[in-house]
Structure formats: C-alpha cells, structure tokens
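For reference, the structure discussed in these notes is given below.
None of these values were measured; they are calculated from a predicted model. Quick note: numbers below take in every heavy atom, side chains included, and nothing from hydrogens, waters or symmetry partners. As the structure lists them, so they are numbered: ligands from 1, and atoms in each ligand from 1.
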Amino acid sequence: MKVLVAVKWVIDFNVKVRVKSDSMGVETANVKMSMNPFDEIAVEEAVRLSEAGAATEVVAVSMGLPQCQETIRTALAMGADRGIAVVTEAELQPLAVAKLLATIVGREEPALVIMGKQAIDDDSNQTGQMLAALLGWSQGTFASALSLDDHAAEVTREIDGGLETVELSLPAVVTADLRLNTPRYASLPNIMKAKKKPIEVLTPEELGVDVTPRLQTLKIEEPPPRAAGVKLDSVAELVDRLRNEAKVI
Ligand code: AMP
C-alpha cells in the first residue's frame with residue numbers, strides 16, 4: 001500500500017520566535033528552519049510501515065516556499081522513497097493545504113495519509129481533519145499507536161483522561177501525536193542517497209487549486225513578559241496569597 005506523508009517546513013522549535021515590527025507576522029529571515037516535529041513522527045511511522053513490509057512506497061509532500069523542498073530531502077534521508085513539492089509564494093492556510101493534499105491524493109491514490117497533529121508555527125490542528133472531510137475518508141487523530149491490515153487501521157488516540165482505540169476502514173487519514181514513536185536521525189549515507197531520490201515540483205495553479213486565504217491576520221503580538229517569582233516562608237502564606245492577592249482559590 002502507498003503511504004503519503006505531509007511534512008511542513010517551519011521555524012525550528014529551538015528558535016525564540018520574534019514578531020516583526022509591523023505586528024503582521026514573525027521574523028523568518030536568517031532563522032533556522034526544520035521539519036515540523038510532529039511530521040518527523042509521521043515520516044518515522046511511514047518508514048517503519050515500509051520496513052515492516054506493510055507499505056510499498058512512502059511519498060513525502062510539502063507545500064510553501066521553494067525551500068520547503070529541504071524538508072522533503074530530510075524525509076527522503078529518513079527513508080521516504082520520493083517527494084512532491086507544491087511551490088508558491090502565497091500564504092497557505094490549512095484549508096488550502098488540505099485542498100492541495102486532496103488533489104494530490106486524487107493523483108497518487110494512497111491507502112493512508114499520515115501527517116502531524118499540528119504545525120508548531122500556526123498551531124492550527126486543522127489540516128488532517130479538513131483533508132479527511134474533503135476526501136470523505138475515515139480519520140484517526142492524535143495517534144499514539146497505529147497498526148494496519150489490508151483493509152483497516154487500528155489507531156490508539158490520546159484523549160483527555162486516557163486512551164481511545166478506534167478501527168478505521170482504509171483509505172484513511174492519521175495524525176501523529178508525540179508518543180507515536182521516536183523519529184530516527186538520518187545517517188550520512190542516507191543523506192547522500194536522498195540527494196538522488198526524485199522530487200516532483202508542482203504549483204497550486206497546475207493542480208487547479210485556489211489557495212486564496214480565507215482568514216485575515218489582524219495582529220500578532222509577543223506574549224507579555226512573565227513577572228519574577230517570589231519565595232514564601234510557609235504553605236499558610238502561600239494559601240493566604242492565593243486567596244487574597246491572586247484571588248484564585
Ligand atoms: P496544522 O493544521 O496547520 O496545525 O497542520 C497539521 C499538519 O498538516 C502538519 O503537521 C503537516 O503534517 C500538515 N501541513 C500543514 N501545512 C503544511 C504544508 N504547508 N506542507 C505540508 N504539510 C502541511
């Protein structure tokens with residue numbers, strides 16, 4: 001079975017993000033970019049399915065600026081077989097990404113799409129759900145375990161208060177949560193091999209998808225700085241302050 005993995009190129013999780021002076025976006029010039037961490041987990045899961053013989057081909061898809069191909073190279077170095085980049089200078093919101101992915105799914109006909117539960121730049125947590133809705137496919141979101149047979153996937157989901165196990169008929173969309181696996185580091189030989197793996201480059205126009213943003217950003221602000229903490233002498237004083245100063249109990 002063919003597996004499609006969506007990988008987003010985002011500001012590296014170690015970088016302290018700075019808001020631009022016009023409050024309309026964040027600084028991305030000269031900032032380290034990497035694969036969205038939940039997408040690394042998605043790639044790892046797809047590669048493990050391939051190594052176990054359950055997946056016949058793993059296709060990594062990324063969308064955005066031309067440099068998003070770097071993140072496809074990382075997926076190829078981790079073990080994906082080939083890549084598809086949808087290149088545009090336009091801002092891509094989750095609905096546009098979901099529509100582009102749905103079109104690629106139409107061309108590639110995978111039995112399974114694995115993606116991250118959330119991109120750490122926009123924190124939307126929408127794209128997987130929108131993709132499943134557009135395709136009319138089953139969805140298993142926040143997966144912390146995944147097993148497959150020819151017709152169905154069993155997904156363990158992290159929900160408030162515990163774990164839920166659902167069976168999905170294939171084809172399906174699965175979104176990866178943190179505990180699904182620990183992604184591998186790409187070895188140097190695999191990074192070299194990845195340079196020879198093919199990446200098809202497309203545009204939204206070629207796919208016939210209108211990516212016009214549906215949401216307008218009004219303002220982006222830094223979070224307020226945290227006030228310094230204080231050391232208290234006793235639990236009684238803590239309770240008193242929580243009750244009378246912070247008024248939270
Ligand atoms: P979001 O709904 O924006 O939080 O993103 C959820 C997941 O959708 C991400 O973890 C990726 O797997 C996928 N995704 C979102 N945007 C893109 C993009 N521009 N290119 C590839 N995959 C994306």
Heavy-atom proximity to atom 11 (C) of ligand 1, best of Thr141, Thr71, Asp39: Asp39

For Val61 and ligand 1, answer yes if some heavy atom of the residue is under 4.0 Å from a ligand atom, otherwise no. yes

Close-contact set for ligand 1 against Met115 heavy atoms, below 4.0 Å: 8 (O), 12 (O), 13 (C)

Distance, nearest 0.5 Å, that separates CG of Leu148 from CG of Leu146: 5.0 Å

Salt-bridge criterion met for Arg157 and Glu164 (N-O under 4.0 Å): yes

Can you list, by chain and residue number, the hydrophobic cluster partners of Leu238 when the side-chain cut-off is 4.5 Å? Val230, Leu232, Val235, Val239, Leu242, Val248, Ile249

Between Lys247 and Glu245, does any side-chain N to carboxylate O distance fall below 4.0 Å? no

How far does CD of Glu40 sit from CD of Glu45, to the nearest 0.5 angstrom? 14.0 Å

Please list, in number order, the atoms of ligand 1 under 4.0 Å from a heavy atom of Met63. 18 (C), 19 (N), 20 (N), 21 (C)

List every atom of ligand 1 that sits less than 4.0 Å from any heavy atom of Asn36, numbering the atoms from 1 in the order shown and giving each element. 9 (C), 10 (O)

List every atom of ligand 1 that sits less than 4.0 Å from any heavy atom of Ser124, numbering the atoms from 1 in the order shown and giving each element. 1 (P), 2 (O), 3 (O), 4 (O)

Numbering as shown, the atoms of ligand 1 that approach Asp122 to under 4.0 Å (heavy-atom distance): 1 (P), 3 (O), 4 (O)

